[in-house]
2 protein chains.
Amino acid sequence: MVVSRRAELMVQLLDALRRTGAWSVSMSQAAAERIGVNTTDLHCLNLLSDGPMTASELARRAGITTASVTGVIDRLEAAGYVRRERDGSDRRKVMVTLQVQRAAQDVAPVFRPFVQAWRGAMDDYTDEELELIATFLSRTQEVFQSEIGRMRAE
Amino acid sequence: MVVSRRAELMVQLLDALRRTGAWSVSMSQAAAERIGVNTTDLHCLNLLSDGPMTASELARRAGITTASVTGVIDRLEAAGYVRRERDGSDRRKVMVTLQVQRAAQDVAPVFRPFVQAWRGAMDDYTDEELELIATFLSRTQEVFQSEIGRMRAE
DNA sequence: TCCAGATATCTAGGAAACCTAGAGATATGC
DNA sequence: GCATATCTCTAGGTTTCCTAGATATCTGGA
């Protein structure tokens with residue numbers, strides 16, 4: 001059976017995406033261990049780097065219950081990585097803010113060697129090629145986001 | 001302060017990689033829930049799709065202890081997703097083999113809508129562009145692999 | 001050949017993190 | 001003003017993970 005070059009490429013690319021995801025999980029585990037937090041807590045720090053959010057929203061985005069997120073915030077706050085404060089306009093809400101300086105101080109050094117190696121691996125791409133890749137990642141993110149939304153809705 | 005276009009692009013790309021990793025975690029959670037396994041077990045299925053391996057190697061690659069992997073294999077075997085068999089040449093070893101047909105039957109449908117949507121998002125890339133992206137993912141994987149190795153070794 | 005040490009997996013028991021259920025505090029709309 | 005809804009937290013149970021050590025098997029040297 002003849003398979004088109006295109007179809008072959010798509011299978012190959014999908015496989016690469018799957019494997020990259022697997023390696024990304026391993027990287028998170030290794031980094032979390034170094035930093036001294038668990039992988040869920042590190043994932044939450046990652047999400048919080050998009051900006052402050054309420055405890056509920058963090059729970060929703062992290063895929064855990066609001067009961068569990070209380071523990072996550074407790075641990076991250078004790079470590080000094082986040083700040084918890086009541087929302088002024090709605091005092092039921094708890095805004096969780098990443099302590100950027102403090103978190104970067106502990107997290108950045110762990111990822112620095114990776115980032116440097118990865119920059120090196122990107123050296124021979126042209127700016128145009130990097131833009132193409134960035135767009136690819138954005139599109140992939142969008143698909144993840146909408147499909148996850150659909151999966152959770154159904 | 002003036003920042004080069006290049007440096008800006010790298011920061012942007014690194015950020016895209018970080019976010020994509022975060023979405024990938026959410027996708028795994030949502031998929032695992034649908035399939036009816038936990039995320040560790042799904043991660044192991046993912047690793048086993050590279051081919052059969054011993055219990056120890058699975059533990060090492062998944063980043064869990066050999067004690068924990070026993071439980072993982074127990075659950076996956078009970079669900080019919082893997083087979084456990086003693087290695088003929090070294091009877092201490094347990095080879096774990098993905099039951100491809102059986103696993104695909106339950107796992108593929110969960111990812112099918114994502115794959116279709118993602119294929120759609122890739123439609124307007126040329127074959128050459130897809131090859132570029134595939135190479136980018138391979139390189140990124142290699143960096144993950146070597147850096148994780150280094151992190152665990154130190 | 002036999003045995004000591006190494007290796008691979010599993011079992012037992014405890015710790016960590018997650019979940020469900022519901023309480024307490026605050027907000028909203030009639 | 002009060003009933004209902006929303007947001008976070010607490011309490012208690014479950015699952016999954018880990019550490020420690022048991023069991024089975026292999027390897028190499030006496």
Side-chain angles (χ1 to χ4, degrees), chain A residues 25-26 28-48 52-79 81-98 152, chain B residues 25-26 28-48 51-79 81-97 152:
Chain A
V25 169
S26 298
S28 296
Q29 288 173 335
E33 186 173 357
R34 288 238 162 174
I35 297 165
V37 298
N38 68 41
T39 54
T40 301
D41 293 1
L42 181 59
H43 186 214
C44 287
L45 284 181
N46 191 355
L47 296 171
L48 286 166
M53 62 190 80
T54 64
S56 317
E57 181 165 3
L58 180 57
R60 189 184 57 72
R61 292 191 54 182
I64 59 180
T65 62
T66 58
S68 298
V69 96
T70 297
V72 170
I73 300 169
D74 285 348
R75 291 189 295 271
L76 292 179
E77 194 175 35
Y81 295 142
V82 306
R83 201 161 27 107
R84 211 188 211 129
E85 45 194 7
R86 289 276 161 192
D87 185 317
S89 65
D90 183 344
R91 298 191 51 73
R92 293 169 304 179
K93 294 182 182 173
V94 166
M95 288 300 295
V96 185
T97 306
L98 185 65
R152 293 198 169 142
Chain B
V25 169
S26 299
S28 296
Q29 287 174 337
E33 186 172 359
R34 287 238 162 173
I35 297 165
V37 297
N38 67 41
T39 54
T40 301
D41 292 2
L42 182 59
H43 185 214
C44 287
L45 284 180
N46 191 355
L47 295 172
L48 286 166
M53 63 189 80
T54 64
S56 315
E57 181 164 3
L58 180 58
R60 189 183 56 73
R61 292 190 54 180
I64 58 180
T65 62
T66 58
S68 298
V69 95
T70 297
V72 171
I73 299 169
D74 285 348
R75 291 188 294 271
L76 292 178
E77 194 175 35
Y81 295 141
V82 305
R83 202 160 27 108
R84 211 189 211 127
E85 45 193 8
R86 288 277 159 190
D87 185 318
S89 64
D90 184 344
R91 296 190 52 72
R92 291 170 304 179
K93 294 183 181 172
V94 166
M95 288 300 295
V96 186
T97 306
R152 294 199 169 141

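We name chains A, B, ... by the order of the sequence lines, and we start the count at 1 in each one.
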To the nearest Å, give me how far apart [atom1] ([X]) and [atom2] ([N]) are.
X	N	atom1	atom2	result
B/Met95	D/dT25	CE	C1'	17 Å
B/Glu57	C/dT7	CD	P	16 Å
A/Leu42	C/dA17	CG	P	14 Å
A/Arg84	D/dC7	CZ	P	17 Å
A/Leu76	C/dA17	CG	P	11 Å
B/Glu85	C/dC10	CD	P	13 Å
A/Asp74	C/dA16	CG	P	15 Å
B/Ile73	C/dT11	CD1	P	11 Å

Using the test salt bridge (charged side-chain N to carboxylate O under 4.0 Å, His left out), find all partners of [X] that sit at least two apart in sequence or belong to another chain.
X	answer
B/Asp90	B/Arg92
A/Arg86	none
A/Arg60	A/Glu57
B/Asp74	B/Arg84

*With sequence neighbours excluded, residues passing side-chain hydrogen bond (donor to acceptor under 3.5 Å, both in side chains) with A/Glu33*: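 None.
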
*By side-chain hydrogen bond (donor to acceptor under 3.5 Å, both in side chains) - contacts of A/Thr65 (at least two apart)*: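 side-chain hydrogen bond (donor to acceptor under 3.5 Å, both in side chains) check on A/Thr65 returns A/Ser68.
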
Write out a two-atom table: protein N or O, nucleotide N or O from nucleotides 26-30 of chain C, distance below 3.5 Å.
residue: C/dA27; atom: OP1; partner: A/Arg91; partner atom: N; Å: 2.9

Using a cut-off of under 3.5 Å, enumerate the N/O to N/O pairs linking the protein to nucleotides 11-17 of chain D.
residue: D/dT16; atom: OP1; partner: B/Asn38; partner atom: ND2; Å: 3.2
residue: D/dC17; atom: OP1; partner: B/Thr40; partner atom: OG1; Å: 2.7
residue: D/dC17; atom: OP2; partner: B/Arg75; partner atom: NH2; Å: 3.1

*Tell me the salt bridge (Lys or Arg N to Asp or Glu O under 4.0 Å) pairs involving residues 61-71 of chain B, sequence neighbours left out?*
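Salt bridge (Lys or Arg N to Asp or Glu O under 4.0 Å) check on residues 61-71 of chain B returns B/Asp50-B/Arg61.
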
*asked:* Restricting to non-hydrogen atoms, name the atom on B/Ala55 and the atom on B/Val69 that form the minimum distance, rounded to 0.1 Å.
replied: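 Minimum heavy-atom contact is O-CG1, 3.6 Å.
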
*Counting N and O atoms only, with roles assigned by atom type, does the side chain of B/Glu77 sit under 3.5 Å from a partner on the main chain of B/Val96, one being a donor and the other an acceptor?*
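The answer is no, because no donor-acceptor pair under 3.5 Å joins these two groups.
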
